[in-house]
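First the structure, in the form of structure tokens, and then the observations on it.
Given the structure is predicted, the values throughout are model-derived calculations rather than measurements. No hydrogens, no waters, no symmetry mates; every other heavy atom, side chains included, goes into these values.
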Amino acid sequence: VGLEEAPPPPGVLEQIDPMEINRMFVQSERLNSEAIVEFVRALCAVSLEELRSPSPRVFALTKIVEIAHFNMSRIRLVWTRIWAVLSDYFITVGCHPNLQIAMYAVDSLRQLAMKFLERDELANYTFQNDFLKPFVVVMRQSSSVEIRELIIRCVSQMVLARVANVKSGWKSMFMVFTTAATDEQRSIVALAFETIEKIVREYFSHITETETATFTDCVNCLIAFTNSHFNMDISLNAIAFLRFCALKLAEGAIGNLELPAHTQSAPDADVHVYFWFPLLAGLSELTFDSRGAIRKSALEVLFDILKIHGHLFNEAFWIRVFDSILFPIFDHVRADTPGGLS
């Protein structure tokens with residue numbers, strides 16, 4: 001089904017001056033805070049109706065993109081309300097069964113995100129992350145290979161072009177790439193890892209400049225790539241990057257280690273547990289991998305990290321390392337060894 005950018009039926013336009021219609025969109029930035037939110041909500045509803053028709057049109061979709069551009073400079077609290085409506089809209093249209101419509105929506109979202117990431121993020125806000133969440137949801141929900149590949153290309157372009165302004169958006173970025181790591185398409189896994197490789201090698205310092213906890217998102221993303229069975233080189237390189245992450249963590253390169261607010265009241269709240277444990281646990285699990293080269297590499301990196309950086313761990317954390325990381329490895333070896341270990 002082709003897409004039409006034609007305006008509404010002639011019978012309607014005969015009663016309205018086309019210039020007046022265009023002026024309504026261009027001057028939407030003059031609407032007050034309540035009116036603009038309702039205007040956006042109504043336009044999204046009209047667009048969804050257009051897209052449900054037998055001959056879908058993207059007229060309202062193009063106007064939604066224009067309105068978003070015109071109103072992006074509003075105060076952050078108003079923009080947050082506008083984006084709450086637009087976010088749901090783009091998720092719905094990004095998963096549209098018509099591939100042309102879905103690709104149009106994702107590309108429109110990319111244009112808006114590139115524009116939005118030109119702006120610096122205010123301290124203690126997460127606007128960048130909120131803006132990028134639709135990419136995460138569509139990446140997870142879309143059954144279209146073309147859409148998932150387009151999202152990886154869009155997100156890669158954004159992160160490399162606007163790396164200094166991603167800020168809180170790193171969390172959503174890593175969610176997209178973590179999802180890609182488990183994709184059933186070899187090309188998507190490879191495409192996503194190309195960007196992750198560049199991020200870790202060249203832009204690692206940007207990852208944690210807003211929130212140190214994003215380090216764990218990066219580690220979990222790399223662990224997801226180590227588990228990909230499409231390409232041995234990707235898995236081995238991801239393990240090597242985990243070694244690199246451990247070095248950066250030990251050097252203090254990710255900043256002052258502080259627990260995220262939502263974990264501080266947990267009974268085992270400890271910076272070692274939060275930052276080191278996911279990395280060590282991921283390597284430990286890889287020692288049970290069916291691929292011999294992966295088992296060997298993971299075991300080597302795990303014990304190198306413990307030997308080189310173990311002096312940074314407190315006694316309580318070492319006990320946890322033995323109980324949850326090391327003993328399971330030896331138990332597994334014992335179970336696989338005929339007659340057990342003597």
Side-chain angles (χ1 to χ4, degrees), residues 152 156 159 170 173-208 212-254 272-313 317 320-322 324-333 336:
I152 294 301
S156 297
V159 69
W170 283 111
M173 290 286 188
F174 283 121
M175 285 183 182
V176 169
F177 291 120
T178 301
T179 302
T182 61
D183 201 280
E184 58 191 21
Q185 293 293 320
R186 182 190 301 266
S187 59
I188 290 178
V189 177
L191 187 64
F193 192 72
E194 281 181 22
T195 301
I196 284 297
E197 194 169 19
K198 193 171 186 67
I199 289 171
V200 176
R201 287 185 188 279
E202 300 179 23
Y203 303 116
F204 189 85
S205 61
H206 289 284
I207 294 172
T208 58
T212 53
T214 313
F215 172 82
T216 302
D217 297 313
C218 177
V219 166
N220 289 334
C221 181
L222 289 170
I223 290 171
F225 278 105
T226 65
N227 286 301
S228 174
H229 285 248
F230 281 131
N231 188 314
M232 180 75 76
D233 288 340
I234 286 179
S235 297
L236 290 173
N237 282 335
I239 292 173
F241 283 138
L242 288 172
R243 182 196 291 272
F244 174 80
C245 287
L247 177 63
K248 291 297 183 180
L249 181 58
E251 289 177 347
I254 72 170
H272 291 102
V273 173
Y274 189 84
F275 290 96
W276 281 103
F277 193 80
L279 195 158
L280 299 176
L283 289 168
S284 177
E285 289 176 12
L286 285 171
T287 63
F288 308 138
D289 196 276
S290 60
R291 299 163 293 176
I294 298 300
R295 292 197 302 273
K296 180 181 178 183
S297 179
L299 198 63
E300 178 183 308
V301 172
L302 173 62
F303 278 94
D304 280 352
I305 290 172
L306 294 175
K307 180 172 66 176
I308 297 170
H309 307 304
H311 66 282
L312 299 171
F313 306 159
F317 186 64
R320 184 159 183 164
V321 167
F322 273 101
S324 302
I325 304 292
L326 298 179
F327 288 157
I329 296 176
F330 293 120
D331 289 342
H332 182 74
V333 172
D336 283 355

Under 3.5 Å donor-acceptor, Arg295 side chain and Leu286 backbone: no
Spacing of CZ belonging to Phe230 relative to CZ belonging to Phe193, to within rounding of 0.5 Å: 15.0 Å
Flag side-chain contact, heavy atom, 4.5 Å: Trp170 against Val159: yes
Validation row: His229, Asp289 side chains within 4.5 angstrom (heavy atoms): yes
Inter-residue atom distance Phe275.CZ - Leu312.CG, 0.5 Å rounding: 14.0 Å
Glu197 vs Ile234 side-chain heavy atoms within contact, under 4.5 Å: no
CD1-CZ distance between Ile199 and Phe241, expressed to the nearest 0.5 angstrom: 10.5 Å
Distance in Å, Arg243 CZ paired with Ser297 OG, rounded so as to fall on 0.5 Å steps: 7.5 Å
CZ (Phe244) with more than 12 external heavy atoms under 6.0 Å: yes
Any Val321 side-chain heavy atom under 4.5 Å of Leu280 side chain: yes
Side-chain donor or acceptor of Asn227 paired with backbone N/O of Ile223 under 3.5 Å: yes
Taking every non-hydrogen atom, the tightest pair across Ala181 and Ser228: O-CB, 3.9 Å
Non-hydrogen atoms of Cys221 and Ile196 that approach each other most closely: SG-CD1, 3.7 Å
Of Asn220, Leu279, Ile207, the residue whose pairing with Phe215 passes side-chain contact (heavy atoms from CB on, under 4.5 Å): Leu279
Considering all heavy atoms, the nearest Ser156-Thr195 contact: OG-OG1, 2.6 Å
Smallest separation among heavy atoms of Arg291 and Thr226, with atom names: NH2-O, 2.9 Å
Any Phe174 side-chain heavy atom under 4.5 Å of Thr214 side chain: yes
Minimum side-chain heavy-atom gap Leu191-Ile188 below 4.5 Å: no
Side chain proximity check, Asn237 to Phe225, heavy atoms < 4.5 angstrom: no
Any Leu249 side-chain heavy atom under 4.5 Å of Val219 side chain: no
Shortest non-hydrogen separation from Ile305 to Trp276 and the atoms involved: CG2-CZ3, 3.7 Å
Euclidean distance, Thr216 OG1 relative to Phe277 CZ, rounded to 0.5 Å: 12.5 Å
Exercise: identify the closest heavy-atom pair between Ser284 and Ile325: OG-O, 3.0 Å
Point-to-point distance, once rounded to the nearest 0.5 Å, from CD1 of Ile294 to CG of Leu299: 12.5 Å
